[in-house]
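Read the numbers this way: they start at 1 and go in the same order the structure lists the ligands and their atoms.
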Amino acid sequence: MTDTPPLAAGPLLREINAPSDLKLLAPEQLPVLAEEIRDFLVDRVSRTGGHLGPNLGVVELTLALHRVFDSPTDRIVFDTGHQAYVHKIVSGRREHFDTLRREDGLSGYPSRSESDHDVVENSHASTALSYADGLVRGFALRGQPHRRVIAVVGDGALSGGMCWEALNNIGAAPGQPVIVVLNDNGRSYAPTTGALGRHLTALRKAASADAVDGESQDTANLFTALGLAYIGPVDGHDVPAVEAALRRAAALGGPVLVHCVTRKGRGYLPAERHEADCMHAVGVIDRVSGIALQSSGPSWTSVFGEEIVRIAAERADIVAITAAMVHPTGLHDFARAYPDRVFDVGIAEQHAVTSAAGLALAGLHPVVALYSTFVGRAFDQLLMDVALHRLPVTFVLDRAGITGPDGSSHHGMWDLALLAVVPGLAIAVPRDPARLRELLRDATANKSGPTVLRFPKSAAGPDISALDHVDGLDVLGITHDAEVLLVGLGPTARACVDAAAVLGEQGIGVTVVDPRWAAPLNPWLPELASAHRLTVTVEDNIGTGGFGSRLAHQLAQGGNPTRLRTIALPHRFLPHGTRADLLRNCGLDAATIVRTVLRHLDADSTATAASRRRSAPPHAAAQN
Ligand SMILES: Cc1ncc(C[n+]2csc(CCOP(=O)(O)OP(=O)(O)O)c2C)c(N)n1
Ligand SMILES: CC(=O)[C@@H](O)[C@H](O)COP(=O)(O)O
Ligand SMILES: [Mg+2]
């Protein structure tokens, strides 16, 4: 399918190059344009991969937003931002969609470097209302009290605690021009859970029973109770109805919530029928059937998902928690086998972690499954609610290291540095599926305190057997009188083994070890490093505060002059691109490891020769 030429944009869509062009269309043209946009979305995203379902669900809503409001004077903030493709298409970026989520191409999220119409680049959910509150207060203080902020929030994102912290402030500021557009499709990935999900369902049912769409409801609801006007529910696929509701909201002037009801994946049967998540995020697919065209071997996620079910079968104290990501974190088999022991708390990582602390205090061993990038959202809870109490909670961090197409706010490149500061926390970094199974068992068997297991977004690859296991270290490569020690963390061990082979061909002896645990540091590593001319550590995490820098600190503290070099991710936000390209660009590939070793051995030899010349008696220097 992907060898067919890209579909040409429809005749109406071709004329839309800025949001202002939308205001010139007659109402009867809007359904036609919506159809053209849907065809365009399916064609392009089926080729690049991306968030197809969420964007199919907001076509009409986005058209109405840009017909009623005046971006960028009015600021339109998309919560999470994965549903901003239509916004990008109508704000001048249609012709770049063949580069979506590719290196140097369009971001999959809003991007201020792409357009003045974009505001928030962070893909972490539940932030839009706080941005909105800050923006309107800032506008007012800067003499622009009438600039409006429209925050488009999903029903899933609304289950995040930050939203309610923001609503607590927004609702207490009558007259503040914040317009919350609730995009209620009843799901995050899976159907939205919890009391909020039930409340939104009740509001939808109340409206369908009593009133015509678009009329404001006097039904008491959470939002009016907090001081916001409430309009809806409105059919989010009916542009005139949404426009009328948005105009009412704009006229009200103060904080208001417009409740739009939409369908995720709308208009594309493979997405509408996709039970797990309505094609929330797809790879390259056949546009007609929706069948995935890319497949790699078993993922790390699937290895985890299988092993946790086996462990749960053996131990009744094992329970699991997810923040609205049962499938993406691999807990679906556990949930199917033991539905009472898997808790989906909504997009609420902070609650997930502290409720895990509660479960542990009740005598259970919770496994909290998150994407690495989202653990930062619950750092205080991990540090103070779990670790301070030395509770047996295991955090399984998927998508650790470079994730790739999701870009800067999704790379899981901070956890080893961030979590290394947590006293008593043990961090396991499996190099292959066999070690994931072993270390998951070790982590969930640890009763003395919290543990972490982290692994990347990729195929898990074949196992890398150890030649030996010495003092807690897996020895993956060894040569007599080795000059160099390579310490490969987790999946970087594979590149270290490959680099050792290349160096061996050049007569350079290398020892390769996998420490299995990034924290606490293995106490034998400094001694092992001292036995080599050069030690190089490799980790798919920032170097600042990472494993290598902690080993360097320990060597220095011990007065150990060992030459140590750290290969790690740079201390900056990394863009989107393929995982392989980004890892190579950051030097986490075998070729770079080889070059690093040769460069430092040469430098060492040069330095040694120079010091010998300096210390030699005068006549010896003359003979050289
Ligand atoms: C803090 C955080 N946790 C988890 C995620 C992963 N995630 C991305 S989109 C999504 C579901 C969002 O649901 P909703 O807000 O309803 O938007 P929809 O996709 O339905 O349009 C989740 C859980 C995230 N982006 N941020
Ligand atoms: C927006 C968001 O946070 C998720 O949808 C994310 O894009 C999914 O990433 P994976 O595709 O790696 O599961
Ligand atoms: Mg939703």
Note: [X]-[Y] ion pair, threshold 4.0 Å (strictly below):
| X | Y | value |
| --- | --- | --- |
| Arg454 | Asp540 | yes |
| Glu60 | Arg67 | no |
| Asp43 | Arg287 | yes |

Number the atoms of ligand 1 from 1 as they appear, then name those within less than 4.0 Å of a heavy atom of [X], with their elements.
| X | answer |
| --- | --- |
| Lys264 | 18 (P), 19 (O), 20 (O) |
| His124 | 26 (N) |
| Glu349 | 1 (C), 2 (C), 3 (N), 4 (C) |
| Asn183 | 21 (O) |
| Gly156 | 13 (O), 14 (P), 15 (O), 16 (O) |

**OP:** Looking only at distances, please establish whether an N/O atom of ligand 1 is found under 3.5 Å from an N/O atom of Ala157.
**Re:** yes
Original post:
Is the His87 to His66 ring centre distance short of 6.0 Å?
Top reply: yes
Please report whether ligand 2 has a polar contact with [X], defined as an N or O pair separated by less than 3.5 Å (distance criterion only).
| X | value |
| --- | --- |
| His82 | no |
| Ser123 | no |
| Thr80 | no |

**OP:** Taking only heavy atoms of His280 into account, list the atoms of ligand 2 that are under 4.0 Å away from them.
**Re:** 4 (C), 5 (O)
Original post:
Quick one: does His280 get a heavy atom under 4.0 Å from ligand 1?
Top reply: yes
Original post:
Asp155: which N/O/S atom is nearest the Mg ion (ligand 3)?
Top reply: OD1
Original post:
Looking only at heavy atoms, is any part of Pro328 under 4.0 Å from ligand 1, and if so is it the side chain, the backbone, or both, or is it neither?
Top reply: neither
Original post:
Identify the closest protein heavy atom to atom 9 (O) of ligand 2: which residue and atom is it, and at what distance?
Top reply: Asp406 OD2, 3.3 Å
Original post:
Can you tell me if His410 has a non-hydrogen atom under 4.0 Å from ligand 2?
Top reply: yes
**OP:** Classify the ring geometry between Phe334 and Tyr338 as parallel (under 30°), tilted (30 to 60°) or perpendicular (over 60°).
**Re:** perpendicular
Original post:
Considering only heavy atoms, does His124 approach ligand 2 within less than 4.0 Å through its side chain, its backbone, both, or neither?
Top reply: neither
